[in-house]
Each structure stands twice: as C-alpha cells, then as structure tokens.
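Position 1 is the first residue of the sequence, and the numbers go up from there.
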Amino acid sequence: MYRPAEVARRYVETGKSKAALPVGRMLLLGMLAGAFIALAGGSATFAVSYGGRLAGAAVFPAGLAMVLLAGSELFTGNCLLVIPLLERQLTWGRMLRSWSVVYLANVLGAGLVAALTVAAGTFDGVYESVVATAAAKAGLPFLTALLRGVLCNFLVCIAVWMSLAAQSVPGKLAAMYLPIFTFVLCGFEHSVANMFYLPAGILAAGRYGVAAEGLSWASMWMGNLLPVTLGNILGGCLVGVVYWAVYLRRGRRA
C-alpha cells in the first residue's frame, strides 16, 4: 500500500486531472456516479426492509465500489479537491466548476434512476418504506441534517483516501467498505444518495397514492439537500485540510 504521505502527494495530481476534465466528460462521469449510488440506494432499501439497517449498511458500499473502480465523478469524494487547491495547483474557479458540474450531473444520474425504478414498479412491495424514508429525510431539522452531512462525508472521504492507499482491486474494496458501512449504520446523510431517496419517495407517493406530509420537491431541496450538501462539503474538506496540513504544508512534507 501507499503510505498516507504518498497518498497526499499523489492526490495533488489526481485532483488536478479531475478538475481539468472537459465539461461534457465531467457530466457523463458525474451521471454515472449518481446512477451507481442510486442503484446501491435502491438495493439498500430492500435490504433494510427485509433485514434491518445492518443489512442496508452491508449492501450500500456497492455504490462507492462502482464509483471508484468503474470510473466516475462523485461530488462528495471530490471535496478532496481542496488538497490541490491548498497546494496552489488548482484555482478556486476550477474547483468550484468541478463541484458544480459534478453535483448537477449526480442529480441527473440519481434522479433518472429514481424515476426509472419507480416507473418500473421496482418498489411494489416496499413502497411504504420508500416514502417513509424520504419523508423522514425531508423533515430533518436544518442543523441535524447539516451535522449528519458533516459526519457522513468525513467517513466517505476517509473511505476514498483509504482506497487510494491500496494498490490492488481487492485492497481498494476492503479499504472503502467499513467507513461506508459505518456511515449508513449510523444514519448519517449523503447528498448524492438523497438525490435518489427523496425523488424516489416523492414519485412513489404519487404512484401508489401514499400520503406523505411535508414531502415535496421544495422540502427535498430546502429541508434536506441544502443542509446536507453544506455538511458534506465541510466534512469532506476537513479530511483534505487535515491531511494537507500534516503531509504537504510547507515545512511538514513527509
């Protein structure tokens, strides 16, 4: 495996390459990542319904495994772009461009999977759980959603960091699994996953005629995605800033 200091140095170049992608390619790769996380979220819905939260936590890491190994761009993981930014190898404009394009693409990819799975009747046996999950997420207090977003993406970026340390596919899968398992088991909030859970709940409520008080497109954005996204940025950047300060800041290069 690569040592943490080597991971930090290697990510500077990795981050620069991510931020330099043409917009069209960034959009396509971002849609793939949104779809991968959404498909994992759909599978986790069944796992939770039949086996409880522990089963859902065991299944959901499949999403990040697809993101990392199949090649795609995930907004939450890209919060680590703060590392090349602090190294002055990336501008604020380039980083914010990447975040904005990838975020939009993740919304499109996850939303498309939500629409397709509901239209296909995928959740016929568990639609009440789908709607209840979305309603609970949309009804979180702002600060609660924000803090759960911080904790979630701290773990997601740790998972990405650990996967970058591994030099084999089995090593990457083993490294990322437990941090993702942990965030799902704890009930933390992941903005890209919620780009699936919330639209799926809204669409399922309409398809099956389920009443869901407080669940709407407005509450999806203002009640959940806004605070969770802000929290994800804070949690992910915290990981990047700490590792930059420890391994890359001038005078502390390992």
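For F123 and F46, the gap between ring centers is short of 6.0 Å.
Through direct or indirect side-chain contacts shorter than 4.5 Å among Ile, Leu, Val, Met, Phe, Trp and Tyr, L112 is connected to L116.
With sequence neighbours left out, the salt bridge (charged side-chain N to carboxylate O under 4.0 Å, His left out) criterion links E13 to K16. Scored by the ring-ring contact (aromatic ring centres under 6.0 Å, His included) test, F188 finds no partners at all (sequence neighbours excluded).
Note on L86 and W99: same hydrophobic cluster, where clusters join Ile, Leu, Val, Met, Phe, Trp and Tyr whose side-chain heavy atoms are under 4.5 Å apart, directly or indirectly. The cluster map of Ile, Leu, Val, Met, Phe, Trp and Tyr, joined by side-chain heavy atoms under 4.5 Å apart, puts L90 and L74 in the same cluster. Tracing side-chain contacts under 4.5 Å through hydrophobic residues (I, L, V, M, F, W, Y), one reaches L68 starting from L21; they form part of the same cluster.
The closest donor-acceptor contact from the side chain of N232 to the backbone of E189 lies under 3.5 Å. For the pair N106 (side chain) and A193 (backbone), a donor-acceptor distance under 3.5 Å is absent. Judged by distance alone, with hydrogens and angles left aside, the side-chain atoms of N153 form a donor-acceptor pair with the main-chain N or O of T76 at under 3.5 Å.
Counting non-hydrogen atoms of other residues, nucleotides and ligands closer than 6.0 Å to CD of E213 gives a total of 12 or fewer.
Tested against W161 for a ring pair (Phe, Tyr, Trp, His ring centres under 6.0 Å), the candidates F154, Y11, Y243, W244 yield a single pass: Y243.
Here the side chains of V113 and F36 are not in contact, with every heavy-atom distance at 4.5 Å or above.
For the residue pair Y208/D124, the side-chain donor-acceptor check at 3.5 Å is satisfied.
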